[in-house]
Amino acid sequence: MSGTCDTRDEVLKRDGTGVTVDSNCEPTAGKWYSVDDATYITDDSAVDIDHIVPLSEAWKSGASSWTTAKREEFANNLSIAQLIAVSASSNRSKGDKDPASWKPTNTSVHCIYAREWIWVKYTYQLKLQSTEKTALQQMLAAC
């Protein structure tokens with residue numbers, strides 16, 4: 001993160017097109033493409049920052065044994081595909097669900113979504129449940 005920019009601001013700048021920010025790093029203009037539901041958004045207040053692997057899912061999969069510092073690093077990691085800008089409606093429909101319970105409505109991204117999910121879980125050595133693994137295998141079949 002840089003200056004007054006928080007993690008949300010950094011993701012908005014990274015994932016948007018034509019993003020301009022004010023002196024507080026708040027977007028003043030820009031356009032974001034929500035891959036989950038294949039929509040364009042021009043109002044940053046309608047954009048959520050999605051954790052590919054939701055925090056509560058990480059907690060249930062092994063993060064409960066982490067230090068506070070490691071949990072904070074996971075929640076704010078900009079170096080792997082863990083945080084993406086998506087529509088607020090798609091992020092809220094996902095909530096804390098895993099791929100067995102929720103998939104992007106944009107089926108053309110199922111392959112990359114599954115790969116990102118697996119990458120995050122592998123990177124952080126988080127466990128996969130059997131229903132989650134089955135759903136991921138089905139989504140990977142689209143690759």
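Put simply, I80 and L55 are part of the same group of oily side chains (I, L, V, M, F, W, Y) that touch within less than 4.5 Å, one to the next. Under the 4.5 Å side-chain contact rule for hydrophobic residues, I41 and V11 share a cluster. Cluster membership check: L83 does not share its hydrophobic cluster with L126, using side-chain heavy-atom separations under 4.5 Å among Ile, Leu, Val, Met, Phe, Trp and Tyr. Residue V47 is not grouped with residue I52 when hydrophobic side chains (ILVMFWY) are merged at heavy-atom distances under 4.5 angstrom, including chains of intermediate members. Note on I112 and L78: separate hydrophobic clusters, where clusters join Ile, Leu, Val, Met, Phe, Trp and Tyr whose side-chain heavy atoms are under 4.5 Å apart, directly or indirectly.
The closest side-chain donor-acceptor pair between T39 and S87, if any, does not fall under 3.5 angstrom. Under 3.5 Å, the side chains of D36 and S34 contain no donor-acceptor pair of N or O atoms.
Using a 4.5 Å cut-off on side-chain heavy atoms (C-beta onward), R71 and T67 make no contact. Looking only at side-chain heavy atoms (C-beta outward), N106 and D37 stay at 4.5 Å or farther from each other.
Formation of a donor-acceptor pair under 3.5 Å by the T28 side chain with backbone atoms of D22 is not found in this model. Put simply, the side chain of W32 never gets that close to the backbone of V86: no donor and acceptor are under 3.5 Å apart. The main-chain N or O of T7 is never found under 3.5 Å from a side-chain atom of N76 such that the two would form a donor-acceptor pair. Under a 3.5 Å cut-off, the side chain of H110 and the backbone N or O of P104 do form a donor-acceptor pair. Remark: side-chain polar atoms of K70 are not paired, donor with acceptor, to backbone N or O of W66 under 3.5 angstrom. The backbone N or O of A75 lies less than 3.5 Å from a partner atom in the side chain of H51, making a donor-acceptor pair.
Judged as a salt bridge (Lys or Arg N to Asp or Glu O under 4.0 Å), and not counting sequence neighbours, the contacts of K121 are E57, E132. For D50, the salt bridge (Lys or Arg N to Asp or Glu O under 4.0 Å) partners are K94, not counting sequence neighbours. Take Y33 and apply the ring-ring contact (aromatic ring centres under 6.0 Å, His included) test, not counting sequence neighbours, and it matches Y40. Residues meeting the side-chain contact (heavy atoms from CB on, under 4.5 Å) test with T42, sequence neighbours left out: K31. Every residue meeting the salt bridge (Lys or Arg N to Asp or Glu O under 4.0 Å) condition with R92, not counting sequence neighbours, appears here in chain and number order: D48.
Rounding to the nearest 0.5 Å places CG of D6 at 9.0 Å from CD1 of I49. Put simply, NZ on K127 and OG on S61 are 7.5 Å apart, with the number rounded to the nearest 0.5 Å. Separating the NZ atom in K13 from the CG atom in D44 is a distance of 13.0 Å, to the nearest 0.5 Å. Between L136 atom CG and L128 atom CG the span is 6.0 Å, to the nearest 0.5 Å. Q82 contributes atom CD, which lies 9.5 Å from atom CD of E116 (distance to the nearest 0.5 angstrom). For the atom pair CD of E26 and CG of D9, the computed distance is 4.5 Å after rounding to the nearest 0.5 Å.
Ring centroid separation for the pair W119 and Y124 does not come in under the 6.0 Å cut-off.
Every pair tested for side chain to side chain donor-acceptor pair (under 3.5 Å) that includes a residue from residues 133-143 fails, sequence neighbours excluded, so the list is empty.
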Note to self: Please determine whether ring pair (Phe, Tyr, Trp, His ring centres under 6.0 Å) holds for the pair W102 and Y113, giving the CA-CA distance in whole Å, both sets of side-chain angles, and the decisive distance to 0.1 Å.
What the structure shows: CA-CA 11 Å; W102 184 90; Y113 182 80; 5.8 Å; yes
